[in-house]
Colleague: 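Got a structure here, written out as C-alpha cells. Questions coming.
Lettering of chains follows the sequences in order, A, B, ..., and the numbering in each one begins at 1.
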Number of protein chains: 2
Amino acid sequence: MASLRNTERQTDDETLVETPDLEEFIGYNLKRAYVIVQADFRRALGEDGFAPRVFSALSLVVQYPNVTQSGLARMLGIERSGLVAIVDELERRGLLKRTHVPGDRRVQALVPTDKGAKAYAEARAAVRAHEDALFADLSGDEKATLIGLLAKIRAHEG
Amino acid sequence: MASLRNTERQTDDETLVETPDLEEFIGYNLKRAYVIVQADFRRALGEDGFAPRVFSALSLVVQYPNVTQSGLARMLGIERSGLVAIVDELERRGLLKRTHVPGDRRVQALVPTDKGAKAYAEARAAVRAHEDALFADLSGDEKATLIGLLAKIRAHEG
DNA sequence: TATTGTTATACTCTATAACTATA
DNA sequence: TATAGTTATAGAGTATAACAATA
C-alpha cells in the first residue's frame, strides 16, 4: 500500500475507510461542479436559448461593439476557426452584423443589432436568475470568495 | 440601456466603464478555470498518460475493487454506454480485468490488476504534483475553501 | 418486465492545417 | 511574409436508443 494521506486511515478491523482520492482533487471537483452549472444553464435558457459559449460571445459583442473576430476569439480563449459557427448563429438570428471597417478590409468588426442588445439583456437576466436559484445555498460572501478563487486559477490563462 | 449593476458605472465623459458581465458569472469562471486545470493535467500526465476521465475511473476501480460498470458510471455521473470505451482502454492497457461474479451473470465486476494499482499510485502522485504546482499561489486554507464551495454546488448532483 | 453490458449513432465543443484576400 | 476570416477535417466527450443475455 502506498503512503497514507490524511483522508485514509486504517481502522482496527483492517478495513481501509476512505474519502475517495478524487474528492481531494480540485480539478475533479471543478469538472463535476461545472457539469451541474452548465446543465442548469441550458435548462434555464430553454430549447431555443443560447448555449453558454454563444451567450458569452454575444455578451462581449454587446459590451465591446466593433470587436473583431480575432479579438473576440482571444477574449473567449478559443481559436478563430471555432468562433465562425458562433458568429454565424448570432448573425443568422439577427443579433449582430459583420461589418467591414475602413482601413483594413480583412477584418470583420462585429456590431450588435438593437434586437441583439435586447436579446442579450433578457438572456443576461435569465442567466442571473438561474445562478441566483442554483446558488441560493451560497451566501453573497461565499459567491464572491468562489469567484475570487477561480480568478486566481484563471490568472494562469494565456 | 438596461439597468445598471454594481459593475457598471457612468463616467463623466459618458463612457461606460465596465467589468464585463461575464466575469460576474460563476458558470463562466468555472468553465474558464476548468479549461486551464484540465489542460495542465494533460500536459503533466503526458502523451501516453491518462485522460482525466480515465484517471478518475481507474481511481475508483482501485479504491472500490469489484465495482460494477453500472456502479462506476453512476459514481462518475456518466452513462453506462460512455463507460465502455474507458474500461476497454484500461483493460487493453492491462490495468484492470472484467470478471464475472457468481450469482448474477449479467454483471462485470471490475478488478484492478497489480499493474493497475501501481500505475494508479504513480498517476495519483503525478496529479498531486500537477495540482500542487498549478495551485501554488493558493494557500492550504484557500484550497480547502474552494473544494468546500465546489462541494456545495455538487450537492445538486443527481 | 427490468437490468447489465454493449453497439450504433449523433451532436457539441474544440483544435490543427490549409486556403483566400488582404496587408 | 504576416494577419483576418474561413473551410475542411478530426478527435474528444457525451447522450439516446436499441439490442442480447440474464434476472
Colleague: Between P on C:dT4 and CG on B:N66, what's the gap in Å once rounded to a whole number?
Modeller: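 The distance from CG of B:N66 to P of C:dT4 comes to 16 Å, rounded to the nearest Å.
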Colleague: Please name all residues satisfying salt bridge (Lys or Arg N to Asp or Glu O under 4.0 Å) with B:E91, sequence neighbours left out, ordered by chain then number.
Modeller: B:R98
Colleague: Output the rounded distance in Å from CD1 (A:I78) to C1' (D:dA12).
Modeller: 17 Å
Colleague: Only counting residues at least two apart or in another chain, list the ones meeting side-chain contact (heavy atoms from CB on, under 4.5 Å) with A:A109.
Modeller: A:N66, A:T99, A:V101
Colleague: Filter on salt bridge (charged side-chain N to carboxylate O under 4.0 Å, His left out), then keep only pairs touching residues 74-83 of chain A, sequence neighbours left out; what's left?
Modeller: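 The answer is none; no pair qualifies.
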Colleague: Would you mind reading off the distance between B:Q69 atom CD and C:dT7 atom C1', rounded to a whole angstrom?
Modeller: 13 Å
Colleague: With the threshold set at under 4.0 Å for non-hydrogen atoms, list the residues of residues 34-61 of chain A touching DNA chain D in residue-number order.
Modeller: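 Of all residues in residues 34-61 of chain A, none places a heavy atom under 4.0 Å from DNA chain D.
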Colleague: Taking only residues two or more places apart in sequence or in another chain, which ones pass side-chain hydrogen bond (donor to acceptor under 3.5 Å, both in side chains) with A:K118?
Modeller: none
Colleague: Between protein and nucleic acid, restricted to nucleotides 20-23 of chain C and to nitrogen or oxygen atoms under 3.5 Å apart, what atom pairs and distances do you find?
Modeller:
from, atom 1, to, atom 2, distance (Å)
C:dA23, OP1, A:R105, N, 2.8

Colleague: Not counting sequence neighbours, list each pair that qualifies as a ring pair (Phe, Tyr, Trp, His ring centres under 6.0 Å) and has a residue in residues 138-158 of chain B.
Modeller: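 Output for this query is empty, none listed.
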Colleague: Would you list the pairs meeting ring pair (Phe, Tyr, Trp, His ring centres under 6.0 Å) in which at least one residue belongs to residues 76-123 of chain B, sequence neighbours left out?
Modeller: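 For residues 76-123 of chain B, and leaving out neighbouring residues, the ring pair (Phe, Tyr, Trp, His ring centres under 6.0 Å) pairs sorted by first residue read B:F55-B:Y120.
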Colleague: Restricting to side-chain hydrogen bond (donor to acceptor under 3.5 Å, both in side chains), what partner residues turn up for B:R106, sequence neighbours left out?
Modeller: B:D104
Colleague: B:K143: which residues meet the side-chain contact (heavy atoms from CB on, under 4.5 Å) condition with it, sequence neighbours left out?
Modeller: A:I26, B:D132, B:F135, B:L138
Colleague: Tell me every residue that passes side-chain hydrogen bond (donor to acceptor under 3.5 Å, both in side chains) with A:N29, counting only those two or more places apart in sequence or in another chain.
Modeller: B:R154
Colleague: Give a yes or no on this: more than 12 heavy atoms of other residues, nucleotides or ligands lie within 6.0 Å of atom CG of B:D114.
Modeller: no
Colleague: At a heavy-atom distance below 4.0 Å, what parts of residues 79-98 of chain A sit against DNA chain D?
Modeller: A:R80, A:S81, A:V84, A:R98
